[in-house]
Novice: 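Structure incoming, see below.
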Amino acid sequence: MASGGEETSGGSPDQAGGGIESPGPEPAAVGAAQLDGAEDFEVLEEDEDDLSELPPLEDVGRARGPVLENAQSSERGQGEAAEDPQEWLDVLGSGLLKKKTLVPGQGVESRPRKGQDVTVRLRATLEDGNVVEENPSLTFTLGDCDVLQALDLCVQLMEMGETALIMSDAKYCYGVQGRSPDIPPNAALTLEVELLEARDAPDLELLSGKEKIGLANRKRERGNFYYQQADYVLAINSYDIALKVISSSSKVDFTPDEEAELLDVKVKCLNNLAASQLKLDHYEAALKSCNLVLEHQPGNIKALFRKGKVLAQQGEYREAIPILKAALKLEPSNKTIHAELSKLVKKHADQKTVETEMYRKMLGNPSTGSAPVKCKDKLTWSIPWKWLFGATAIALGGVALSVVIAARN
């Protein structure tokens, strides 16, 4: 998995837009109805300000597709390659992702490096032979997970000019959800790939405002795609890269509108990042992301709501309730905030009851019903103290009298 690598240029929209995603809907265009649940707001920050609900915070399980063991040989010519053309390379050692050289390349030293922009010819088919993608010139940043994992991982092992066959389990393609309407759930794919070009990515400092905005948005949309696939680690990776693009220094002057648009993209990325971190129970990281949003937009309802959720998950009900009240004040008709706030108020009351009972036990007063007994105990102890005081006074008086008599004698 890529950790971010170097950033890409602000090239054509299909560059970082996602490998063989082009026939399907863009991640940003997926309807909120597919993402709604009963626990939270809209999963992802999109262009429209929709405040529908998020799915629950628990992780979504991911099923594996069938393991691929065999593939039909291509009719393309074969020659000597870095690995034996007759052998499959088990890329991950699990049998789920395999690569086979069909046409050898220009040698190991010609392999592309992470962070470079690579261009490939791609043809993807299902196990039944149906072609689901053909792209004569697909460009993406290697190692940024801008395309299917199967493609991103295997191109790193290809030589310039090499043609390879890649057989991938659904896990490294479209997973349990597939891609409507042409790729069913848990579908394995066979990719025929030719590496055409590899070049260094342009300097981020030299990107224009429009190019930087376009690049950051493509990284964000890729994060949205991974979020919808329940792959929150890769979603976080894409949002982090988008934020690095936005925060990078620039030698180019931006217009006020471009600055405002960059800030808007940054806020969306941070909100989406917080949602992904919540899915992985990374509460401190999610809290930091929410606070960064609120630094720019103190009235951002999604950030307030998620911050309240984070604090509630940590058991900090006293701190969470005022934050949710602030969100509710901004959106009084929002039923999700109402429900969450009511739940937290009840939990806080229960917590206070438990704490009160605990303190009472610590002080030796386990219940209010024992109060009369305690008063009785206090009364029984008060009588001996009175007798003792009186006896002491009499004794002191006797001593004083003895002293006086002795002095007169």
Novice: Atom CE in Met167, atom OG1 in Thr125: separation rounded to 0.5 Å?
Specialist: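 Rounded to the nearest 0.5 Å, the CE-OG1 separation comes out at 8.0 Å.
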Novice: To the nearest 0.5 angstrom, please state how far the OG atom of Ser342 sits from the NZ atom of Lys335.
Specialist: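 Between Ser342 OG and Lys335 NZ, I get 13.5 Å after rounding to 0.5 Å.
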Novice: Between Glu340 and Lys309, is there a side-chain N and carboxylate O pair less than 4.0 Å apart?
Specialist: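 A salt bridge is present here (some side-chain N lies under 4.0 Å from a carboxylate O).
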Novice: When you check the side-chain N and O atoms of Asn334 and Glu331, is any donor under 3.5 Å from an acceptor?
Specialist: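 On atom types as modelled, these side chains do not qualify, holding no pair under 3.5 Å.
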Novice: Can we say Glu192 and Arg121 salt-bridge, meaning some charged N sits less than 4.0 Å from an Asp/Glu carboxylate O?
Specialist: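 Looking at Arg121 together with Glu192, the answer is yes, because their closest N to O distance falls below 4.0 Å.
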Novice: Check this for me: does any side-chain nitrogen of one of Lys99 and Glu162 sit under 4.0 Å from a carboxylate oxygen of the other?
Specialist: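 Yes, charged N to carboxylate O under 4.0 Å.
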Novice: Got a donor-acceptor contact below 3.5 angstrom from the Arg222 side chain to the Cys145 backbone?
Specialist: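 Judged by distance alone, yes, a pair lies under 3.5 Å.
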Novice: Could you give the distance from CG (Leu243) to SG (Cys269), rounded to the nearest 0.5 Å?
Specialist: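 Leu243 CG to Cys269 SG: 5.0 Å, rounded to 0.5 Å.
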Novice: Return the set of residues passing salt bridge (Lys or Arg N to Asp or Glu O under 4.0 Å) with Glu197 (not counting sequence neighbours), or none when no residue passes.
Specialist: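 With neighbours one apart ignored, the set is Arg199.
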Novice: If you take all heavy atoms of Ser276 and Tyr227, which pair is closest and at what distance?
Specialist: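 Looking at all heavy atoms of both residues, the closest pair is OG-CD1, 3.3 Å.
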Novice: Would you check if there is a donor-acceptor pair between the side chains of Ser110 and Glu159 at a distance under 3.5 Å?
Specialist: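 Ser110 and Glu159 do not have a side-chain donor-acceptor pair below 3.5 Å.
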Novice: Looking just at side-chain N and O atoms, do Glu319 and Gln314 make a donor-acceptor pair shorter than 3.5 Å?
Specialist: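 Side-chain D/A pair, Glu319 to Gln314: absent.
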Novice: Please name all residues satisfying side-chain contact (heavy atoms from CB on, under 4.5 Å) with Asp90, sequence neighbours left out, ordered by chain then number.
Specialist: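 Listed in chain order: nothing, the list is empty.
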Novice: Report yes if the side chains of Ile236 and Leu280 come closer than 4.5 Å at any heavy-atom pair, otherwise no.
Specialist: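 Side chain of Ile236 against side chain of Leu280, heavy atoms only: contact under 4.5 Å found.
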Novice: Main chain of Leu157, side chain of Arg111: is a donor-acceptor contact present, judged purely on distance under 3.5 Å?
Specialist: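 The answer is yes, because a donor-acceptor pair under 3.5 Å joins these two groups.
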Novice: State whether Asp200 and Arg113 are salt-bridged, where the test is any N-O pair (Lys NZ or Arg NE/NH1/NH2 against Asp/Glu carboxylate O) under 4.0 Å.
Specialist: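 Yes, this pair counts.
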Novice: Could you check whether any side-chain heavy atom of Phe140 comes within less than 4.5 Å of a side-chain heavy atom of Thr119, counting everything from C-beta outward?
Specialist: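 Not touching, per the 4.5 Å side-chain cut-off.
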Novice: Does a sphere of radius 6.0 Å around CG in Asp253 hold more than 12 heavy atoms from other residues, nucleotides or ligands, not counting ones at 6.0 Å or beyond?
Specialist: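 12 or below, so no.
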Novice: Grab the two heavy atoms, one from Ala198 and one from Pro112, that are nearest each other, plus how far apart they are.
Specialist: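 Shortest heavy-atom separation between Ala198 and Pro112 comes out as CB-CB, 3.8 Å.
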Novice: Decide yes or no for Leu278 and Tyr283: does some side-chain heavy atom of the first lie under 4.5 Å from some side-chain heavy atom of the second?
Specialist: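 Yes, side chains in contact.
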Novice: Tell me, please, which residues at least two apart from Gln106 pass side chain to side chain donor-acceptor pair (under 3.5 Å).
Specialist: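 If we apply the side chain to side chain donor-acceptor pair (under 3.5 Å) test to Gln106, skipping adjacent residues, there are no hits.
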Novice: Taking Leu148's backbone N and O only, do any of them form a donor-acceptor pair with Asp152's side chain (distance below 3.5 Å, no angle check)?
Specialist: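 Checked: no pair found.
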Novice: Can you tell if the side chain of Leu89 reaches within under 4.5 Å of the side chain of Lys98, non-hydrogen atoms only?
Specialist: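 Side-chain contact under 4.5 Å: no.
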Novice: How far apart are the C-alpha atoms of Leu96 and Ser168, what are their side-chain angles, what is the distance that settles it, and do they pass the side chain to side chain contact (heavy atoms under 4.5 Å, CB included) test?
Specialist: CA-CA 6 Å; Leu96 300 181; Ser168 175; over 6 Å; no
Novice: Please test Leu294 against Leu304 for side chain to side chain contact (heavy atoms under 4.5 Å, CB included), starting from the C-alpha separation and ending with a verdict.
Specialist: CA-CA 8 Å; Leu294 295 172; Leu304 287 170; 3.9 Å; yes
Novice: Kindly compute the distance separating CG (Asn217) from CD (Glu261), expressed to the nearest 0.5 Å.
Specialist: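 Atom-to-atom, Asn217:CG and Glu261:CD are 7.0 Å apart.
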Novice: Could you tell me whether the side chain of His282 and the main chain of Ala274 form a donor-acceptor pair under 3.5 Å?
Specialist: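 Flag not set: sc His282 to bb Ala274 has no pair under 3.5 Å.
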Novice: Within the side chain of Asp169, is there an N or O that forms a donor-acceptor pair under 3.5 Å with the backbone of Lys171?
Specialist: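 A pair under 3.5 Å: yes.
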Novice: Side chains of Thr190 and Glu127: donor-acceptor distance under 3.5 Å anywhere?
Specialist: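 Short answer, no.
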Novice: Is it the case that the ring center of Tyr226 lies less than 6.0 angstrom away from the ring center of Tyr232?
Specialist: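 No - the distance between ring centres of Tyr232 and Tyr226 does not fall below the 6.0 Å cut-off.
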Novice: Does a donor on one side chain sit under 3.5 Å from an acceptor on the other, for Ser289 and Gln277?
Specialist: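 A pair is found: one side chain offers a donor N or O, the other an acceptor, under 3.5 Å apart.
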Novice: Is there a side chain to side chain contact (heavy atoms under 4.5 Å, CB included) between Phe305 and Ile323? Walk through the geometry before answering.
Specialist: CA-CA 7 Å; Phe305 183 80; Ile323 293 173; over 6 Å; no
Novice: So do the side chains of Cys154 and Leu97 get within less than 4.5 Å of each other, counting heavy atoms only?
Specialist: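 Sidechains of Leu97 and Cys154: in contact.
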Novice: Compare every heavy atom of Gly308 with every heavy atom of Ala320, then report the nearest pair and how far apart it is.
Specialist: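 Smallest interatomic distance, heavy atoms only, reads CB-O, 3.5 Å.
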Novice: Can you tell me how far the CZ atom of Arg306 sits from the CG atom of Asn272, to the nearest 0.5 Å?
Specialist: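 Separation between the atoms: 7.0 Å.
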Novice: Dump the intermediate steps for side chain to side chain contact (heavy atoms under 4.5 Å, CB included) on Leu191 and Arg123, then the final yes or no.
Specialist: CA-CA 6 Å; Leu191 312 177; Arg123 185 174 187 268; over 6 Å; no
Novice: Which atoms form the tightest heavy-atom contact between Ile213 and Glu258, and what is the distance?
Specialist: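 That would be CD1-O, 3.8 Å.
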Novice: Please confirm whether the backbone N or O of Asn224 pairs with a side-chain atom of Tyr239, one donor and one acceptor, at under 3.5 Å?
Specialist: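 Here the side-chain-to-backbone pair exists.
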Novice: Do the side chain of Thr101 and the main chain of Pro104 share a donor and acceptor less than 3.5 angstrom apart?
Specialist: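 Checked: no pair found.
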Novice: Considering non-hydrogen atoms only, spot the tightest contact between Ala303 and Val293 and give its length.
Specialist: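 Heavy atoms only, the tightest pair is CB-CG1, 3.5 Å.
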Novice: I would like to know whether Ser250 and Glu205 meet side chain to side chain donor-acceptor pair (under 3.5 Å); could you show each step before the answer?
Specialist: CA-CA 4 Å; Ser250 178; Glu205 293 185 338; over 6 Å; no
Novice: Nearest 0.5 Å, what's the CD-CE distance between Glu109 and Met160?
Specialist: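 Reported value, rounded in 0.5 Å steps: 11.0 Å.
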Novice: Looking at Ser248 and Val245, would you say the former's side chain and the latter's main chain have a donor-acceptor pair under 3.5 Å?
Specialist: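 Present.
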Novice: Can we say Asp146 and Lys219 salt-bridge, meaning some charged N sits less than 4.0 Å from an Asp/Glu carboxylate O?
Specialist: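 Salt bridge between Asp146 and Lys219, a charged N being under 4.0 Å from a carboxylate O: yes.
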Novice: Short question: side chain of Gln313, backbone of Val310 - any donor-acceptor pair under 3.5 Å?
Specialist: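 No; zero donor-acceptor contacts below 3.5 Å.
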Novice: Report yes if some heavy atom in the side chain of Val252 is under 4.5 Å from a heavy atom in the side chain of Leu207; otherwise report no.
Specialist: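 No; the side chains remain at least 4.5 Å from each other.
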Novice: Looking at Asp264 and Lys268, is there a salt bridge between them, counting it only when a charged N and a carboxylate O are closer than 4.0 Å?
Specialist: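 The answer is yes: the pair qualifies as a salt bridge.
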Novice: Heavy-atom distance under 4.5 Å between the side chains of Tyr172 and Leu189, does that happen here?
Specialist: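 No, every pair of side-chain atoms sits at 4.5 Å or beyond.
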Novice: Under 4.5 Å between any side-chain heavy atoms of Lys212 and Ile246, yes or no?
Specialist: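 No; the side chains remain at least 4.5 Å from each other.
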Novice: For Leu206 and Glu211, work out which heavy atoms get closest and say how close.
Specialist: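 Smallest heavy-atom distance, with atoms named: O-OE1, 4.4 Å.
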Novice: Between Arg218 and Glu221 (salt bridge meaning N to carboxylate O under 4.0 Å), is one present in this structure?
Specialist: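 Looking at Arg218 and Glu221, the cut-off is not met.
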